[in-house]
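Note that the numbering runs from 1 along the sequence shown for the chain. Below, all heavy atoms of this structure are taken into account, side chains as well, without hydrogens, waters or symmetry copies.
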Amino acid sequence: MDSLHYKLIRSKRRTIGIEIRPEGMIVRAPIKAAQADIDGFIRDHLDWINRNLKKAEELKEKKDALPKLTMDEIRALAERAAVVIPERVRYYAPLIGVTYGRITIRNQRSKWGSCTSKGNLNFNCLLMLAPPEVLDGVVVHELCHRKYMNHSKEFYAEVTRVYPDYRKWDKWLNENGALLMSRMV
C-alpha cells in the first residue's frame, strides 16, 4: 500500500492485525505472509484504518492543547489522593470481603492502579481529575485482584457485582484517560 505508511512486524502469529498508535500504524503479520495478502488485508480494512487514524489525530490535537500540570499541581493532586483514595478503599474492601496492605499514591504516565501479590495497592494521583465514579471503578478493580490476580470472567463478575456501573466508567477512562495522562510533565 503506497499511500499508507506503516511499520510491518513479522512474527510467529497466525493472522494479520493492524494497530493504530500515536506514533503511527503497525501491521503485524505471520513470518511467511505474502506481501499481496498483507496489502489485501489493509485494503479490506481501509475504512477502519482511516476512521482510527482520524481519531488518533484528533486525540493528538486535544493532548497538545491541554496544559501540562506543574509539579505543585501534581503534589496537590497526590496530597488530595492520599486522603480520598484510602477512604474509598476502606469503603469497598469489606463489600468485596478482602484485606489489603499499604496504599501508595503515584504520579504515573501509564497505569491507573495496581495490586501486588502481597495486597499492596498503588493508585495514580491523576484519578483526582476524573469523575468520582471512575475512581471508585479503579478502586474496586484493584481490590478485586485480592481475590483474582487475573482478568478472568470470575474477576469481572466480582467487579460488576460490587460496582454494577463499572463498565460505563471503565469506558469513560478508556476514552478520556490518555488525555489525563498527557497532562503529566
Side-chain angles (χ1 to χ4, degrees), residues 1-11 13 15-29 33 35 37-85 88 104-115 121-142 151 156 159-160 163-185:
M1 305 283 342
D2 296 335
S3 61
L4 276 177
H5 298 282
Y6 61 88
K7 179 179 179 181
L8 176 61
I9 299 174
R10 293 179 179 271
S11 65
R13 64 181 291 141
T15 60
I16 299 171
I18 299 171
E19 281 180 66
I20 305 297
R21 299 186 148 227
E23 59 273 9
M25 187 167 101
I26 298 173
V27 177
R28 298 183 186 276
Q35 188 61 48
D37 292 336
I38 295 169
D39 291 345
F41 186 86
I42 292 170
R43 220 177 359 268
D44 291 346
H45 293 87
L46 269 178
D47 286 344
W48 181 90
I49 291 168
N50 288 327
R51 204 169 46 248
N52 284 281
L53 284 172
K54 186 177 182 223
K55 280 184 192 174
E57 183 57 35
E58 289 168 357
L59 180 62
K60 184 184 179 321
E61 288 171 9
K62 285 180 182 176
K63 283 180 178 180
D64 291 346
L66 280 174
K68 297 287 186 198
L69 294 165
T70 65
M71 286 311 294
D72 286 341
E73 289 170 322
I74 292 169
R75 250 182 248 108
L77 287 172
E79 287 172 12
R80 196 165 131 232
V83 173
V84 173
I85 292 175
R88 303 315 294 154
T104 305
I105 306 301
R106 301 175 186 260
N107 53 342
Q108 299 168 289
R109 293 178 173 269
S110 61
K111 284 187 173 189
W112 293 107
S114 62
C115 175
L121 304 171
N122 302 299
F123 295 97
N124 193 321
C125 70
L126 293 178
L127 285 166
M128 296 295 94
L129 298 175
E133 297 87 352
V134 170
L135 169 61
D136 281 358
V138 173
V139 166
V140 169
H141 181 108
E142 297 312 330
H151 289 111
Y156 282 109
V159 170
T160 56
Y163 196 59
D165 282 345
Y166 173 77
R167 297 226 185 264
K168 172 184 174 184
W169 294 108
D170 187 54
K171 182 177 186 250
W172 187 96
L173 195 56
N174 285 329
E175 291 172 353
N176 299 282
L179 284 176
L180 295 180
M181 292 279 186
S182 74
R183 298 198 59 201
M184 197 59 79
V185 179

On a heavy-atom basis, which atom in [X] and which in [Y] lie closest, and how many Å separate them?
X	Y	value
M181	N124	CE-ND2, 3.5 Å
M128	L135	CE-CD2, 3.7 Å
A130	W172	CB-CZ3, 3.9 Å
M184	Q108	CE-O, 3.8 Å
I16	D37	CD1-O, 3.9 Å
I38	A29	CD1-CB, 3.8 Å

Working for side-chain contact (heavy atoms from CB on, under 4.5 Å), residues L46 and L4: CA-CA 10 Å; L46 269 178; L4 276 177; 3.5 Å; yes
With Y6, the side-chain contact (heavy atoms from CB on, under 4.5 Å) member among I18, V27, I49: V27
Rounded to the nearest 0.5 Å, what separates atom [atom1] in [X] from atom [atom2] in [Y]?
X	Y	atom1	atom2	value
T160	D170	OG1	CG	11.5 Å
L127	L77	CG	CG	10.0 Å
E142	I85	CD	CD1	10.5 Å
I9	I26	CD1	CD1	5.0 Å
M25	L53	CE	CG	7.0 Å
K168	E133	NZ	CD	7.0 Å

Take atom CG in D47; do more than 12 heavy atoms of anything else shown fall under 6.0 Å from it?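 12 or below, so no.
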I'd like to know if the side chain of [X] and the backbone of [Y] have a donor-acceptor N/O pair within less than 3.5 Å.
X	Y	value
Y163	V138	no
N107	C125	no
N52	W48	yes

State, yes or no, whether a side-chain contact exists between [X] and [Y] at a heavy-atom distance under 4.5 Å.
X	Y	result
V139	F123	yes
D136	Y166	no
L180	W112	yes
R183	L129	yes

Checking salt bridge (Lys or Arg N to Asp or Glu O under 4.0 Å) against E58, which of K62, K55, K60, K54 comes through? K54
Using the six-membered ring wherever Trp is involved, compare the ring planes of Y156 and H141 and label them parallel, tilted or perpendicular (cut-offs 30° and 60°). perpendicular
Residues R75, D72: salt bridge by 4.0 Å N-O rule: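 Salt bridge present between R75 and D72.
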